[in-house]
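One structure below.
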Amino acid sequence: MAPKSPVYNIISVPIEKIIPNTYNPNAVAPPEMKLLYDSIKEDGYTMPIVCYYVKSQDIYVIVDGFHRYQVMLDYPDIREREGGMLPVSVIDKSLDNRMASTIRHNRARGSHNVDLMSNIVKELHEIGRSDAWISKHLGMDRDEILRLKQITGLAALFKDVKFGEAWRPVEDELYKSEHASGCIEASDEDKRIAKEASEDPL
């Protein structure tokens, strides 16, 4: 019978006993780190940190989950709420195998599938969500949203061009981009629907 997966034996470890490894090639940009913080703030820690336990020093070396660990270091509200404890899944492997595990964890997550993300943006627009709403809740900037909408090839998705006063300086560029891509101007009814969606407080 195969051994039970480490995830079934999560333990709570003081953050002071956890240290990063020296070989993780994965980097997360500031917007994604802020989104990770927002996720942990709203949903709590839903995934453990994967670590190797060094018994002689009584420390846990991170194999995967450095950024979830970093959030607790950087945000006192998270640290206080969690009592300075992180959920840890322990694996017992040699250094080379731990390095391989780190890479596997990173590559398994991969990057967002562009087609899937463009479909998500399309579906959100179809239920009335504005670009500003998508930007806020999905952590996307306006250029990323525009690129994803262009992939769909549906002119109707370009009806929602108002991001409020904060977005106004770049609205002209969006219009230029839309016309350059051959998009059809939305009807008055479409504009009315888009305006109501953009005013949605959610």
Side-chain angles (χ1 to χ4, degrees), residues 1-124 127 129 133-141 144-145 148 151 202:
M1 185 176 180
K4 203 170 186 179
S5 295
V7 75
Y8 292 104
N9 297 299
I10 306 301
I11 60 175
S12 185
V13 176
I15 193 170
E16 293 80 10
K17 288 190 174 187
I18 300 173
I19 65 170
N21 63 53
T22 58
Y23 52 80
N24 190 353
N26 188 29
V28 173
E32 280 72 30
M33 280 299 293
K34 176 59 168 57
L35 190 59
L36 178 60
Y37 161 70
D38 290 340
S39 173
I40 292 172
K41 181 178 180 180
E42 294 298 325
D43 303 324
Y45 280 93
T46 59
M47 295 178 63
I49 310 301
V50 181
C51 293
Y52 169 75
Y53 180 56
V54 183
K55 187 174 181 179
S56 61
Q57 301 177 55
D58 191 27
I59 58 172
Y60 294 80
V61 181
I62 297 173
V63 174
D64 180 69
F66 171 77
H67 298 103
R68 298 191 293 281
Y69 157 84
Q70 189 67 45
V71 164
M72 183 172 285
L73 289 182
D74 292 346
Y75 293 93
D77 58 329
I78 300 297
R79 186 165 183 161
E80 181 179 352
R81 185 190 69 189
E82 302 293 327
M85 308 291 282
L86 277 172
V88 170
S89 176
V90 178
I91 62 172
D92 185 13
K93 294 188 175 185
S94 60
L95 177 59
D96 57 339
N97 282 310
R98 295 200 304 272
M99 293 176 72
S101 292
T102 297
I103 301 301
R104 280 195 299 271
H105 278 83
N106 289 341
R107 290 179 65 87
R109 277 189 293 269
S111 57
H112 291 302
N113 180 289
V114 174
D115 288 334
L116 291 176
M117 290 303 296
S118 63
N119 284 333
I120 289 171
V121 168
K122 175 177 177 289
E123 290 174 9
L124 287 171
I127 63 172
R129 294 305 184 194
W133 188 96
I134 293 172
S135 175
K136 177 182 177 181
H137 292 274
L138 271 65
M140 296 180 181
D141 61 35
E144 184 178 6
I145 295 170
L148 290 170
I151 289 169
L202 295 177

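Keep in mind that what you see is a predicted model, and the values were worked out from it rather than measured. Starting from 1, each residue takes its place in the sequence as its number.
Checked by atom type and distance alone, the side chain of Arg81 pairs as donor or acceptor with a backbone atom of Lys41 at under 3.5 Å.
Scored by the side-chain hydrogen bond (donor to acceptor under 3.5 Å, both in side chains) test, Asp74 finds Gln70 as partners (sequence neighbours excluded). Tyr37 meets the ring-ring contact (aromatic ring centres under 6.0 Å, His included) test with Tyr75; sequence neighbours excluded. Residues meeting the side-chain hydrogen bond (donor to acceptor under 3.5 Å, both in side chains) test with Lys17, sequence neighbours left out: Asp58. With sequence neighbours excluded, the residues satisfying salt bridge (Lys or Arg N to Asp or Glu O under 4.0 Å) with Asp38 are Lys34. Scanning for side-chain contact (heavy atoms from CB on, under 4.5 Å) contacts around Glu82 gives Tyr45, Met72, Ile78, with sequence neighbours left out. By the salt bridge (Lys or Arg N to Asp or Glu O under 4.0 Å) test, Arg79 pairs with Glu16, sequence neighbours left out.
Tyr52 has its side chain within reach of Asp92: a pair of non-hydrogen atoms, C-beta onward, lies under 4.5 Å apart. Contact annotation: the side chain of Val88 never approaches that of Pro48 to less than 4.5 Å [non-hydrogen atoms, C-beta and beyond]. Proximity of Val13 to Leu86: side-chain heavy atoms (C-beta onward) are nowhere separated by under 4.5 Å.
When all heavy atoms of Ile49 and Asp64 are compared, the closest pair comes out as CG2-O, 3.5 Å. Between Ile91 and Pro6, the closest heavy-atom pair is CG2-CG, 3.9 Å. Here the closest non-hydrogen pair linking Tyr53 and Ile59 is CD1-O, 3.3 Å.
Among the candidates Ile10, Val63, Ile11, the single residue satisfying the side-chain contact (heavy atoms from CB on, under 4.5 Å) test with Val90 is Ile11.
Taking CG of Asn9 as the start and OG of Ser89 as the end, the distance is 7.5 Å to the nearest 0.5 Å.
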